[in-house]
2 protein chains.
Amino acid sequence: MADQAQPILTRIQQKNRDLILEGALTVFSESGFRGATVDQIARAAGLSKPNVLYYFGSKDDIHKTLLTTLLDMWLAPMVRIDPAGEPLDEVLGYVRAKLEMSRRFPRESRLFAYEILQGAPHLTEILGGSLRGIVDTAAATLQGWMDQGRLTPMDPRHLIFSIWALTQHYADFDVQIRAVLGPGHDAFDEAERFLENLYRKLLEA
Amino acid sequence: MADQAQPILTRIQQKNRDLILEGALTVFSESGFRGATVDQIARAAGLSKPNVLYYFGSKDDIHKTLLTTLLDMWLAPMVRIDPAGEPLDEVLGYVRAKLEMSRRFPRESRLFAYEILQGAPHLTEILGGSLRGIVDTAAATLQGWMDQGRLTPMDPRHLIFSIWALTQHYADFDVQIRAVLGPGHDAFDEAERFLENLYRKLLEA
DNA sequence: GTCTATATTTAGATAGAC
DNA sequence: GTCTATCTAAATATAGAC
């Protein structure tokens with residue numbers, strides 16, 4: 001009986017934790033850490049404030065959990081760059097995947113943007129650790145292709161930075177883009193074509 | 001006598017207002033609007049908290065003043081694009097100027113980044129108004145050059161977005177860039193060369 | 001596990017002496 | 001104009017009933 005009760009509760013717990021993280025993602029991505037309140041998170045999650053703090057000990061706790069949980073997903077497209085693949089396809093595929101992340105997960109993009117802007121208090125060791133390692137690996141792959149003459153030579157890390165900047169910009173600065181373009185534009189559709197052309201021109205050896 | 005007293009006081013007023021705005025720029029750019037406190041601003045300005053609120057009625061007031069004061073300076077390089085100039089030089093000059101702004105004025109860059117991320121509550125009418133107008137003008141100039149075959153044809157507004165994204169990224173995501181590059185790198189020097197090459201390749205007709 | 005009520009802290013803003 | 005002291009509101013977190 002006790003064996004049965006535990007999983008049932010755990011399932012509820014899991015669901016409530018998910019509700020909280022989902023609501024918190026919305027709120028944090030709109031207002032940043034300091035701008036967000038536990039009250040807003042609770043409302044977004046459909047729970048009471050004390051109940052939210054029953055599942056997570058503190059607002060800080062929720063935030064840290066979100067960041068670390070989502071980081072892997074956020075970096076996944078870079079890890080998938082295949083050294084055995086066709087260089088141009090691989091890079092263009094990465095650009096496309098990253099832009100698609102901005103389109104589908106703008107909240108995650110803004111969550112990270114706030115965190116980095118603030119000096120990455122919760123991610124400092126990760127930035128200089130695993131992130132740096134992942135970038136080094138990808139940069140080495142790119143450098144290898146350049147050395148083989150299969151890709152226009154350039155600084156591979158700044159090439160990666162450029163992809164981050166150009167794709168995340170469409171999520172993070174969405175308000176500005178929409179204001180400048182005016183109605184009747186799908187910024188992401190336009191960006192997809194623009195970036196495809198940009199990187200094709202840039203990278204063709 | 002009264003005629004003399006007024007300017008002297010005004011000079012002090014001006015100096016204190018400047019001190020406050022200078023301190024506030026530092027604090028807001030580090031923590032965002034909600035993360036910043038009037039206390040921190042006062043300390044950064046070397047004044048007492050009530051004194052800060054004597055010169056500016058509210059924290060919100062300081063923030064709005066900063067944004068509107070700095071916006072012109074921030075957009076100046078785009079306005080300077082000269083339709084009578086040499087297309088490639090003009091665009092490369094704009095890129096260089098914008099990157100130089102990121103290097104010299106990272107606080108301003110982050111101030112705007114926070115504001116846009118948050119949905120630009122203080123800049124909404126400006127975004128859809130004068131900013132859009134300025135971009136439209138620059139885009140028309142670019143489009144004209146493209147029509148004349150003096151610049152590779154592409155969406156001129158997304159070309160502008162790309163310049164914003166690529167240059168501001170180095171100020172706004174500075175922590176991440178430094179963590180990934182490690183010590184011994186001058187990110188801005190490297191960026192200058194990288195972006196010069198990127199836009200040269202992209203734009204050569 | 002979930003709620004109401006509340007303690008506690010922080011921060012924006014003001015009063016009033018000097 | 002500038003300060004000390006203080007008011008007030010908001011927000012994090014907890015206590016304790018159910």
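Order of the sequence lines fixes the chain letters, A, B, ..., with proteins taken first and strands second; residue numbering starts at 1 for each chain.
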Legend entry - DNA chain D: 5'-most and 3'-most nucleotides touching chain B, 4.0 angstrom heavy-atom criterion: D:dG1 to D:dA11

Inset, instruction - Would you please say whether a donor-acceptor pair under 3.5 Å links the side chains of B:His122 and B:Asp60? - result: yes

Inset, instruction - Answer yes or no: is there a donor N or O on one side and an acceptor on the other, between the side chain of A:Glu190 and the main chain of A:Ala187, under 3.5 Å? - result: no

Inset, instruction - Could you tell me whether a side-chain N or O of B:Gln40 sits under 3.5 Å from a main-chain N or O of B:Thr37, the two making a donor and an acceptor? - result: yes

Just distance, no hydrogens or angles: give the donor-acceptor pairs under 3.5 Å from side chains in residues 125-136 of chain B, sequence neighbours left out.
residue: B:Arg132; atom: NE; partner: A:Val180; partner atom: O; Å: 3.4
residue: B:Asp136; atom: OD1; partner: B:Arg157; partner atom: NE; Å: 3.4
residue: B:Asp136; atom: OD1; partner: B:Arg157; partner atom: NH2; Å: 2.8

Legend entry - Residues B:Phe56, B:His63; criterion ring pair (Phe, Tyr, Trp, His ring centres under 6.0 Å); working and verdict: CA-CA 10 Å; B:Phe56 292 87; B:His63 191 242; over 10 Å; no

Inset, instruction - Keeping the roles fixed (side chain from A:Ser109, backbone from A:Phe105), state whether a donor-acceptor pair exists under 3.5 Å. - result: no

Show every donor-acceptor pair shorter than 3.5 Å between a side-chain atom in residues 66-86 of chain A and any protein atom, with sequence neighbours excluded, or say none if there are none.
residue: A:Thr68; atom: OG1; partner: A:Lys64; partner atom: O; Å: 2.9
residue: A:Thr68; atom: OG1; partner: A:Thr65; partner atom: O; Å: 3.2
residue: A:Thr69; atom: OG1; partner: A:Thr65; partner atom: O; Å: 2.4
residue: A:Asp82; atom: OD1; partner: A:Ala84; partner atom: N; Å: 2.9

Inset, instruction - Would you jot down, in residue-number order, the residues of residues 24-48 of chain A having a non-hydrogen atom under 4.0 Å from DNA chain D? - result: A:Ala36, A:Thr37, A:Val38

Inset, instruction - For B:Arg110 and B:Ala171, indicate whether the former's side chain and the latter's backbone hold a donor-acceptor pair under 3.5 Å. - result: yes

Inset, instruction - Rounded off to whole Å, could you give me the CD1-to-P distance for the B:Ile62 and C:dA11 pair? - result: 15 Å

Legend entry - Taking every non-hydrogen atom, the tightest pair across B:Ala139 and B:Ile160: N-CD1, 4.1 Å

Inset, instruction - Would you jot down, in residue-number order, the residues of residues 50-59 of chain B having a non-hydrogen atom under 4.0 Å from DNA chain C? - result: B:Pro50, B:Leu53, B:Ser58, B:Lys59

Inset, instruction - Can you tell me which residue pairs pass the salt bridge (charged side-chain N to carboxylate O under 4.0 Å, His left out) test with a partner in residues 93-106 of chain B, sequence neighbours excluded? - result: B:Arg96-B:Glu196, B:Glu100-B:Arg103, B:Arg103-B:Asp189, B:Arg103-B:Glu192

